[in-house]
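Below: one structure, written as structure tokens.
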Amino acid sequence: MVDDKEIKAIISPFAIRDGEIKVFDGKDGYVSMTQINHKIDIGHINDLHFEIMKVVNEFEFVTSRQIFQILECKKIDAKSQDKLNNKLEQLVKAKILTRYYFSSEEGKGIYRIYALEKMGKYLLNAREIESRWQPTDNTKPVAMIKKRLAGNQTIIAYLRKVKAFDSYTPKPAITAKQNAKTFKATGGSVKLTKNGKAISFLFEIVRREDDWEKKLVDRMRLYKDFYENFVMGDSGFTTMPQLIFICEDEKHMAETFKTLVINQITIPQIKFYFSTDLRQNEETLDKTLVEFKLDEETKKYKMENIEVKLLGL
């Protein structure tokens with residue numbers, strides 16, 4: 001498997017492309033539970049297959065590379081990316097998982113996305129592993145899926161590259177009390193612990209989808225509600241989490257910040273930090289965050305890389 005630092009991509013694979021659609025690449029037809037049980041009985045579906053199912057269930061949409069990295073971090077030996085791909089093919093043929101790819105005028109996407117199928121949910125529930133999957137989950141649009149994939153990559157980067165890493169939550173539920181609404185941080189959250197002190201990061205993934213500026217402003221009003229009314233224990237956080245925007249590219253960070261400024265979105269309780277998909281590929285993450293600071297002389301905002309030693313190896 002190619003290491004992160006060897007990836008030479010200029011554009012994030014999880015960026016939005018014009019006219020992009022999600023294309024089904026799974027298996028048609030019917031597979032009975034009797035057939036699946038037989039495969040389990042003769043060892044064609046084994047514990048490693050179940051570990052793969054658990055990862056897909058946990059992250060909802062995930063690439064094969066992400067699955068391999070997560071298994072590796074969990075100390076589960078998938079042998080190689082090719083062997084994992086063979087296992088994934090078996091799960092797709094058994095209709096335990098399904099598979100998609102993205103297609104646009106630029107051509108087919110270079111990666112496949114895996115999601116749970118009904119049979120996968122049944123098998124996990126049989127082992128007392130909770131799965132809230134429902135068929136409508138797989139109908140989500142391209143932008144929502146790409147946010148999930150970018151969030152996965154961010155969580156994996158922190159898991160692999162931050163010494164202070166403690167735990168992660170792929171889909172943390174955040175409560176906006178005044179609005180009486182619960183929403184989920186699109187990129188998940190991580191908890192970091194050092195010298196007995198803990199801090200949590202919330203990742204909000206921003207994509208250049210249709211009407212993205214308005215969607216961002218609407219979402220930030222919910223975050224503002226959450227932060228302004230935060231007390232210890234809210235939404236499972238013992239301390240107020242730091243919000244980080246994960247954008248498509250360097251220019252998109254400035255576009256996102258400009259949208260917040262124009263719409264006068266401020267949250268006095270926290271600073272706004274920004275990063276990009278490709279910055280997660282850096283060897284260490286201690287210099288991957290950005291802050292926009294006002295230059296007192298020019299009265300213009302300037303993008304500055306900030307060093308966060310807590311994010312080092």
Side-chain angles (χ1 to χ4, degrees), residues 1-4 13-14 21-103 108-140 144-146 148-149 151-153 155-156 159-160 167-171 188:
M1 184 178 66
V2 177
D3 196 59
D4 285 358
F14 310 130
I21 60 171
K22 180 183 70 176
V23 181
F24 176 72
D25 189 39
K27 177 180 170 60
D28 287 319
Y30 176 74
V31 176
S32 71
M33 186 56 79
T34 301
Q35 291 172 297
I36 293 173
N37 284 338
H38 178 66
K39 289 178 183 291
I40 294 172
D41 288 342
I42 63 176
H44 287 181
I45 295 176
N46 55 36
D47 285 346
L48 180 55
H49 290 88
F50 274 91
E51 292 297 338
I52 293 168
M53 281 184 252
K54 284 161 66 175
V55 171
V56 177
N57 178 54
E58 185 178 26
F59 286 88
E60 188 177 12
F61 294 101
V62 60
T63 69
S64 61
R65 185 173 190 271
Q66 290 175 346
I67 294 170
F68 187 85
Q69 290 178 321
I70 293 164
L71 290 174
E72 191 175 53
C73 291
K74 291 177 179 285
K75 309 298 183 187
I76 298 167
D77 187 8
K79 305 299 183 186
S80 70
Q81 185 72 66
D82 286 342
K83 289 186 182 298
L84 172 63
N85 291 344
N86 289 338
K87 294 282 191 296
L88 287 167
E89 183 67 27
Q90 291 167 351
L91 290 169
V92 169
K93 285 182 177 178
K95 288 187 72 68
I96 292 168
L97 298 182
T98 193
R99 182 171 56 200
Y100 302 94
Y101 64 86
F102 297 126
S103 181
K108 290 183 180 181
I110 59 173
Y111 57 89
R112 297 295 184 266
I113 306 105
Y114 294 86
L116 211 61
E117 275 271 32
K118 178 173 63 178
M119 292 301 191
K121 176 176 181 172
Y122 291 163
L123 290 172
L124 290 173
N125 287 346
R127 292 199 173 193
E128 298 184 347
I129 298 164
E130 183 182 24
S131 175
R132 296 183 181 180
W133 178 90
Q134 50 189 359
T136 51
D137 289 349
N138 291 358
T139 66
K140 289 180 178 177
M144 289 184 73
I145 297 173
K146 287 206 163 183
R148 177 71 271 146
L149 297 176
N152 295 349
Q153 179 183 264
I155 288 173
I156 292 166
L159 202 163
R160 297 175 69 225
S167 61
Y168 66 81
T169 305
K171 295 178 282 185

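The basis for the numbers below is simple: all heavy atoms, side chains too, and nothing from hydrogens, waters or symmetry mates.
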Determine, stepwise, if the pair Met33 / Leu123 fulfils side chain to side chain contact (heavy atoms under 4.5 Å, CB included).
CA-CA 9 Å; Met33 186 56 79; Leu123 290 172; 4.1 Å; yes
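- Under a cut-off of 6.0 angstrom, the local environment of NZ in Lys140 is crowded, with over 12 non-hydrogen atoms contributed by other residues, nucleotides or ligands.
- Residues His44 and His38 fail the side-chain proximity criterion, which asks for heavy atoms closer than 4.5 Å.
- Using modelled atom types, no side-chain atom of Arg148 and backbone atom of Lys171 make a donor-acceptor pair closer than 3.5 Å.
- For the pair Lys95 (side chain) and Lys27 (backbone), a donor-acceptor distance under 3.5 Å is present.
- Annotation: side chain of Lys121 is not in contact with side chain of Lys118 (no heavy-atom distance under 4.5 Å).
- For the atom pair Lys22 NZ and Met144 CE, the distance stands at 10.5 Å (nearest 0.5 Å).
- To the nearest 0.5 Å, the span separating CD1 on Ile67 from CD1 on Ile52 amounts to 6.5 Å.
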Please lay out, stage by stage, how Asp77 and Lys83 fare under the test salt bridge (charged side-chain N to carboxylate O under 4.0 Å, His left out).
CA-CA 10 Å; Asp77 187 8; Lys83 289 186 182 298; over 6 Å; no
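- Pro13 approaches Lys146 most closely through the heavy-atom pair O-NZ, 3.5 Å.
- With values rounded to the nearest 0.5 angstrom, Glu58 atom CD is found 12.5 Å from Leu116 atom CG.
- Phe102 is listed as a side-chain neighbour of Ile145, based on a closest heavy-atom distance under 4.5 Å.
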Stepwise side chain to side chain contact (heavy atoms under 4.5 Å, CB included) check, Tyr114 with Phe61:
CA-CA 6 Å; Tyr114 294 86; Phe61 294 101; over 6 Å; no
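- The side-chain heavy atoms of Phe50 and Ile40, taken from C-beta on, include a pair separated by under 4.5 Å.
- Within the 4.5 Å cutoff, the side chain of Asn57 has no heavy atoms near those of the Glu130 side chain.
- The side-chain tip of Arg65 does not point at the ring of Tyr111 from less than 6.0 angstrom away and within 45° of straight on.
- Proximity of a side-chain donor or acceptor of Gln66 to a complementary backbone N or O of Leu149 within less than 3.5 Å is detected.
- With Asn138 contributing its side chain and Pro135 its backbone, the two residues share no donor-acceptor pair below 3.5 Å.
- Side-chain contact between Ile45 and Ile96 is present, with heavy atoms from C-beta onward closer than 4.5 Å.
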In sequence, state the C-alpha distance, the side-chain angles, and the governing distance for Met119 and Ile36, and then conclude on side chain to side chain contact (heavy atoms under 4.5 Å, CB included).
CA-CA 9 Å; Met119 292 301 191; Ile36 293 173; 3.7 Å; yes
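- Within the 4.5 Å cutoff, the side chain of Lys87 has heavy atoms near those of the Asn46 side chain.
- The distance from atom CD1 of Ile76 to atom NZ of Lys54, rounded to the nearest 0.5 Å, is 6.5 Å.
- A distance of 9.5 Å separates OG of Ser64 from CZ of Arg99, quoted to the nearest 0.5 Å.
- Here Phe59 pairs with Tyr168 under the ring pair (Phe, Tyr, Trp, His ring centres under 6.0 Å) rule; sequence neighbours left out.
- At a threshold of 4.5 Å between non-hydrogen side-chain atoms, the residues Arg112 and Asp25 count as touching.
- For the pair Val92 and Gly26, the tightest heavy-atom approach, listed with the atom from each and the gap, is CG1-CA, 3.9 Å.
- To the nearest 0.5 Å, atom CE of residue Met53 and atom CG of residue Leu48 are 9.5 Å apart.
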Apply the test side chain to side chain donor-acceptor pair (under 3.5 Å) to residues Gln81 and Asn85: give CA-CA distance (whole Å), side-chain angles for both, the deciding distance (0.1 Å), then the verdict.
CA-CA 6 Å; Gln81 185 72 66; Asn85 291 344; 3.2 Å; yes
